[in-house]
Structures are given as C-alpha cells and as structure tokens.
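When a ligand or atom number is given, it counts from 1 through the structure's own listing order.
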Amino acid sequence: MRYISTRGKAPALDFEEVLLTGLATDGGLYVPETLPRYTPEELMALRGLPYDELACRVMFPFVEGSIPESDFRAMVRETYAGFTHRAVAPMVQLDANEWVMELFRGPTLAFKDFALQLLGRLLDYFLEKRNQHVVILGATSGDTGSAAIEGCRHSSHVDIFILHPHERVSEVQRRQMTTVHSDNVHNIAVTGNFDDCQKMVKASFGDQSFLGGKTSLVAVNSINWARIMAQIVYYIYASLALGGPHRSLAFSVPTGNFGDIFAGYLAREMGLPIQQLVVATNQNDILHRFISQNQYEPGKLQHTLSPSMDITISSNFERLLFDLYGRDSSGVVDFLEAASHGAVQLEETRWQGARKLFDSFSVNDQRTCEVIGEVYGETGYLLDPHTAIGVESARRCRRDVTVPMVTMGTAHPAKFPEAVSRSGVGVEASLPDHLSDLLEREERFTVLNNDLAEIQDFMARNWKFAED
Ligand SMILES: *Cc1c(COP(=O)(O)O)cnc(C)c1O
C-alpha cells in the first residue's frame, strides 16, 4: 500500500515509512492512495470472526508490502490478547436499538490502547530490522500519554518522553504514566499548561539538532496513520455483530482530534453500511459549528470534565477535507490558509455532501453530569464523561430509531472520578484488578521548568545511548 499527503507536495511512502514519519514534509497528513473495498459477500465472510482475526484481515491490506502476513498476525494476536474482556470490544445495550461499545478494556482504560498497543509493537519490529533507535516525544493532557507509554514500555529501540502539565492532570491519569518503571520511559512534569507542553513538542520536531543526529523523533498522536488504521476494525466488528452487512448502523463518537470518527468514515468508504456518524463534542465545539452551520473557526481552549476532547483544532479533520475536495490537495491548502486568518466556509455543495453522513452535537459539563446520572438511573450503567457526551449526542441527533445506534465508549468511568462524583450517582467506579493498587504505587517523574532548552537538554542526556 502507498500513502499520499493531503497537501500533495510530499513523496508517496510505504507503510513502514509512514509509521516512522508522522507529519508529511509538506505539512500534510498521510492517507492511503486507494482504499480496499468490500462487497456485501466479502463482509458476510467476516462475520463471527474473533476480534484479533478480524483485525488481521482488515488491516493487512494497509501494511502489505512492508511486513509478511505471519509476522503481522502474531503481533495483532499479542496486542489484543492483552485486553481484559474476551470479546475485546464488548457491547452493552442501554435501550431498544441503542448500544455502547466498550473500547476501554485495554491496559490504560481508554480506546487509544487499540492503536497504541499495536503501534508500539510495529515500531519495535521495524526498528529491530533496521537496527535503528527513535525517540517518541509527546505532550498529553490525559489519555494519550499513558496509552503511548504502555505501548512502548517494552521496546528496546524506543525511548519515550511524555510532557504533562505539572499538577494539572488527574491523579489517576498521572499515575498511569508515572508508575511505569521502565528505563526507556521518561515522564516530565512541566511547570506550565498543556499548550506550553505542546509548543515545546512542536518546536522539537521542527529542529531535532539537540539529539546530536544519532536518533530521531517519532510522533504517536493521531496524525500517525497506524492509529487510524487500527480503529477501523471495531466499526466493522460492531456492524457484523448487529446484523451487518444487511443492516445499516449509526455511530456516535466522542470527538477531539477527529481520529476515531475518521476511522468510522473510512469503514464506510470501504463498503460498510453506515447510515449516520454523529460528531459528539464538549464545549470545545469547532467541529459541531462546522457540521451544523458550515462555519470553521477555532475558538478559545476551554478546560472541561472531558479533558481528552479539549482541543481548538482537530488535526485529522484535514484528512476528511481532502476527500470533501475530491482529493484535490490545492483545495485543502487554500481552505487551511484561509482558516489561519479567520472563519471560513466550505462551498455549499461540498458541505452538503458531508451533511449526508455527519451530524453533530455539543454538550457542556453540567449536562454531561446530568446524563451520567440519568443513564445510571435508567440502567444502572455508569458512563465516563466522554461517553456520556456520546450518548447524549446520539439521542439528540438520531435520524431513524429502527437503525441501531452505537455510541463509542471511549474511556472507563474510573479514569474520571470527578465527573462521576459530580453527577451525584452516589457510587464510585472502581479500577479494574490490574490497576487496583495504582494509588499506592511508587511514582517517578522529573519536574522541569517551562523552558525549551532545559527540556531538550534533559532529553539529550537521558535517551538510551546518550553520552553523559
Ligand atoms: C482521545 C479521546 C477522545 C477523542 O478521540 P479523537 O480520536 O481525538 O477524536 C475521546 N474520548 C477519550 C476518552 C479519549 O481518550
């Protein structure tokens, strides 16, 4: 499979190169040159497969040419064997024709494990073959950091540095990162906010000379194509479990960077019958304003009870734009250029094209807590705040009650005790067994000033082959 950039000026790459690259050299994002497409008969043949086997079959065309099928299969098996539910992505029914797909049965209790558990293994595989070392650098306000650390903690070819804003992430989230004691894991608490952390990550990718030319940086946020790829699988799994391919489905997806829901869009492009995709956002609602009013304009960052969706710009939206422009990169470049100066609109016909599939809704903190309470009252099922936003948006935007609606359950409620407690349900979600002693484990992290030189110096001295 070949991958091309949404901005049209970077060379086409194969899967291995795309995995190790992140952003394209022209500033764009990589997308597959062509998508595999399924007929209904081919989808029928996938019904009833265990999750890991389905994952192999769906993903293999995307990696073909870079990795032999038997090696890939072994990696995928190992990835999903580490999930705590035998169905890997089980579904819970909330109401007639209404489900939550639990995507939080991986090691760090958020859907990001689906991709990052695999990504860590893929990186190690290719780096071993190349006898090469890389440094993963990322900033986190929540779930990405812990999922990336869990995904790479065993990799001998990777050092991972994660910046988090000092004293501004929840205790559970911080401890999921800082209690991992591997020599290649480096947690840095920055005396600044999340934006400060992200700025330093960006600056470091722009000029990597501080690493002395002996290693290079790799991005593990959702601009990395491998993350999108792994997320396509569970849309197909849900559909086949609920009557696909002969029955259409609707999905509601708690959305931040647009990575998860973009995978759903691709599943539909690949032939899966999906009638509707609901973009569910918190008060950071740029995508809701775009879908509902054709207005694209970044707002000011708001800190909410659903921190993993606190964004001002969704990087993966560019991948959808590329398709909305009929894969014409000059349209994408012009749109983004105009957006950097103020509010922009898409041509009416292109926007209408998106509206055929997408609906959207925005839910504030107060309503998020109410929904956690209401759903608990109706069913005894406890939602995390991100999933609650998904459920509310699903109910508000639903087009057809005869079409099954599946909300993506993106995190376990025990990760977000504050929202659960503010909902007034009077119960607490307990951490699953493998994390039950999390609050007693020893933490390791280094507090550094909000200063690029200080952080780069720390990295240069602490990666595996650094010379002190
Ligand atoms: C990352 C995350 C999201 C947002 O996913 P995107 O792919 O960035 O849209 C939603 N919920 C939770 C719990 C997350 O960790």
Side-chain angles (χ1 to χ4, degrees), residues 29 100-117 119 138-151 164 169-170 172-173 176-177 194 198 219-232 234-235 251-267 277-288 290-291 304-320 358 360 362-363 368 372 383-394 407-420 429:
L29 302 183
V100 168
M101 184 171 220
E102 295 187 337
L103 300 177
F104 49 75
R105 303 300 192 122
T108 72
L109 315 183
F111 84 89
K112 292 184 173 72
D113 287 328
F114 274 84
L116 284 164
Q117 282 292 308
L119 193 141
T140 193
S141 59
D143 300 331
T144 303
S146 55
I149 286 171
E150 273 303 327
H164 71 264
V169 295
S170 80
V172 172
Q173 289 184 314
Q176 283 189 308
M177 302 190 280
F194 174 65
Q198 207 157 29
V220 292
N221 54 9
S222 58
I223 63 168
N224 194 309
W225 162 256
R227 286 192 50 183
I228 309 285
M229 170 184 86
Q231 292 164 188
I232 296 171
Y234 46 70
Y235 287 89
F251 290 95
S252 174
V253 189
T255 294
N257 249 329
F258 204 74
D260 198 0
I261 196 165
F262 184 69
Y265 163 81
L266 290 179
L277 288 173
V278 179
V279 178
T281 75
N282 61 26
Q283 287 121 288
N284 295 286
D285 63 349
I286 178 171
L287 290 173
H288 171 53
F290 174 74
I291 300 288
T304 71
L305 290 173
S306 44
S308 303
M309 289 151 60
D310 289 348
I311 49 92
T312 52
I313 299 181
S314 304
S315 39
N316 281 292
F317 180 65
E318 179 167 343
R319 288 183 159 120
L320 178 68
F358 291 100
S360 67
S362 163
V363 182
T368 301
I372 294 173
L383 298 170
D384 101 288
H386 305 79
T387 310
I389 288 172
V391 168
E392 172 74 349
S393 303
T407 295
M408 291 310 192
T410 50
H412 190 289
K415 269 193 114 157
F416 301 96
E418 193 195 337
V420 172

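Contact check for K112 versus T144: side-chain heavy atoms found under the 4.5 Å cut-off. Two residues are said to be in side-chain contact when any heavy atoms from C-beta on lie closer than 4.5 Å; F104 and D384 fail this criterion. Using a 4.5 Å cut-off on side-chain heavy atoms (C-beta onward), S308 and Q173 make contact.
Looking at G259 next to ligand 1, an N or O pair under 3.5 Å apart turns up.
Under the 3.5 Å distance criterion, the side-chain polar atoms of N284 are left unmatched by any main-chain donor or acceptor of D310.
Looking from atom 7 (O) of ligand 1 to the surrounding protein, the closest heavy atom is D260 N, 2.9 Å. If you check which protein heavy atom lies closest to atom 1 (C) of ligand 1, you get K112 NZ, 1.4 Å. Remark: minimum distance from atom 12 (C) of ligand 1 to any protein heavy atom is reached at T410 OG1, 3.5 Å. The closest protein non-hydrogen atom to atom 6 (P) of ligand 1 is N257 N, 3.5 Å.
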Exercise. Going through the distances and angles, do R319 and L266 end up as a side chain to side chain contact (heavy atoms under 4.5 Å, CB included)?
Worked result: CA-CA 10 Å; R319 288 183 159 120; L266 290 179; over 6 Å; no
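A heavy-atom separation below 4.0 Å is found between P254 and ligand 1. Residue contact annotation: F111 has a non-hydrogen atom under 4.0 Å from ligand 1.
Within the listing of ligand 1, atoms 6 (P), 8 (O), 9 (O) sit less than 4.0 angstrom from a heavy atom of F258. Near D143, with a cut-off below 4.0 Å to any heavy atom, the atoms of ligand 1 are 12 (C), 13 (C), 14 (C), 15 (O).
Under 3.5 Å, the side chains of N257 and N316 contain no donor-acceptor pair of N or O atoms.
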